[in-house]
Amino acid sequence: MVKFDAFAGGIEIGGLRNMLDIKILICYILKSVKVPMKRTQICDTLQKTGLVNYFDANSAIDELLETNTVREEDFMGEPHITVTALGRNSATELENTLLPGVRDKAVKTALNVVARARSERENNVIITKKDDSCDVTFEIQSNGDVLLSLTLNVADVLQAEQLKEGFLDNPDELYSDIIDRLIGDK
């Protein structure tokens, strides 16, 4: 019989309530994503999927750090978590204990979280309040060069924030759409 040693609060049906499964999933995510992740990114991933709550995710990370299954390293000037050889081996050996749907959902969400963080690092959104509106400037950059700078005027800060979120979700799509429209492909 499976021992439930994790909190049930905040976990959707089918979520993980066994600390060993949570630790395996964290190692599996880090192994699959192949880039270091901040602790908050791992926790966000697990919470967004509804698989693990915040407290159990943090406890599992602490236990993994203590056993050198994962380690904390400096990446781009901030502490990030990476999986060690021990963690990779454990994830490979035990990944079949997790349902494929759980693994796939967690990895897909983790990839989205990592892509969003990259988008926020590489692109700028500047919101400038005016008397009766806001200017929102979007900058798409590559290797330090500004590829596109676009300023839109919107009614208020709420609209500006909505545009910012939409832009940061996929700036490449905006860039491609503008290029396509300008050359007449759309």
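Worth saying up front: this structure is predicted, and the values here are computed from it rather than measured. All residue numbers in this chain count up from 1 along the given sequence.
Smallest separation of non-hydrogen atoms from P79 and K38: O-CG, 4.0 Å. In terms of heavy atoms, C27 sits closest to L64 at SG-CD2, 3.9 Å. Listed here is the closest heavy atom pair of T49 and A106: CG2-CA, 4.0 Å. T69 approaches T84 most closely through the heavy-atom pair O-OG1, 2.8 Å. The minimum heavy-atom distance between I26 and A57, with the atom names listed, is CD1-O, 4.1 Å. Between L20 and N18, the shortest heavy-atom contact is N-OD1, 2.9 Å.
Between Y28 and V83 there is no side-chain heavy-atom pair separated by less than 4.5 Å. Side-chain contact between E161 and L158: absent, with no pair of heavy atoms (C-beta onward) separated by less than 4.5 Å. A 4.5 Å side-chain heavy-atom check between R71 and T82 finds at least one atom pair inside the cut-off. L111 places a side-chain heavy atom less than 4.5 Å from the side chain of V33. Considering only heavy atoms from C-beta on, M37 comes within 4.5 Å of T45 through its side chain. Side-chain contact between I42 and I29 is absent, with no heavy atoms from C-beta onward closer than 4.5 Å.
N170 meets the side chain to side chain donor-acceptor pair (under 3.5 Å) test with E173; sequence neighbours excluded.
How far OG of S142 is from CD of E122: 7.5 Å, rounded to the nearest 0.5 Å. Separating the CD atom in Q159 from the CD1 atom in I127 is a distance of 11.5 Å, to the nearest 0.5 Å. One distance of note links NZ of K23 with CG of D62; it measures 11.0 Å at 0.5 Å rounding. To the nearest 0.5 Å, the span separating CG on D21 from CG on L51 amounts to 10.5 Å. How far CE of M19 is from CD of E63: 5.5 Å, rounded to the nearest 0.5 Å. In this structure, CD in Q141 is found 6.5 Å from CG in N123, a value given to the nearest 0.5 Å.
Grouping Ile, Leu, Val, Met, Phe, Trp and Tyr by side-chain contacts under 4.5 Å, direct or through others, puts F75 with M76.
Looking at N124, T151, T128 one by one, the single match for side-chain hydrogen bond (donor to acceptor under 3.5 Å, both in side chains) with T137 turns out to be T151.
Using a cut-off of 4.0 Å between Lys/Arg side-chain N and Asp/Glu carboxylate O, R116 and E165 are scored as salt-bridged.
Both V125 and L147 are assigned to one and the same hydrophobic cluster, defined by single-linkage of ILVMFWY side chains at heavy-atom distances under 4.5 Å. I61 is not connected to V113 by any chain of hydrophobic side-chain contacts under 4.5 Å among Ile, Leu, Val, Met, Phe, Trp and Tyr, and they are in different clusters. Residue L174 is grouped with residue L152 when hydrophobic side chains (ILVMFWY) are merged at heavy-atom distances under 4.5 angstrom, including chains of intermediate members. V146 and L150 are assigned to two separate hydrophobic clusters, defined by single-linkage of ILVMFWY side chains at heavy-atom distances under 4.5 Å. Following chains of ILVMFWY side-chain contacts shorter than 4.5 Å, one cannot reach I126 starting from F167, and the two form parts of different hydrophobic clusters.
Counting only N and O atoms by type, the side chains of S133 and N153 include a donor and acceptor under 3.5 Å apart.
Between the side chain of S119 and the main chain of L168, a donor-acceptor pair closer than 3.5 Å is present.
Residues in residues 28-37 take part in these salt bridge (charged side-chain N to carboxylate O under 4.0 Å, His left out) pairs, two or more places apart or across chains: K31-E95.
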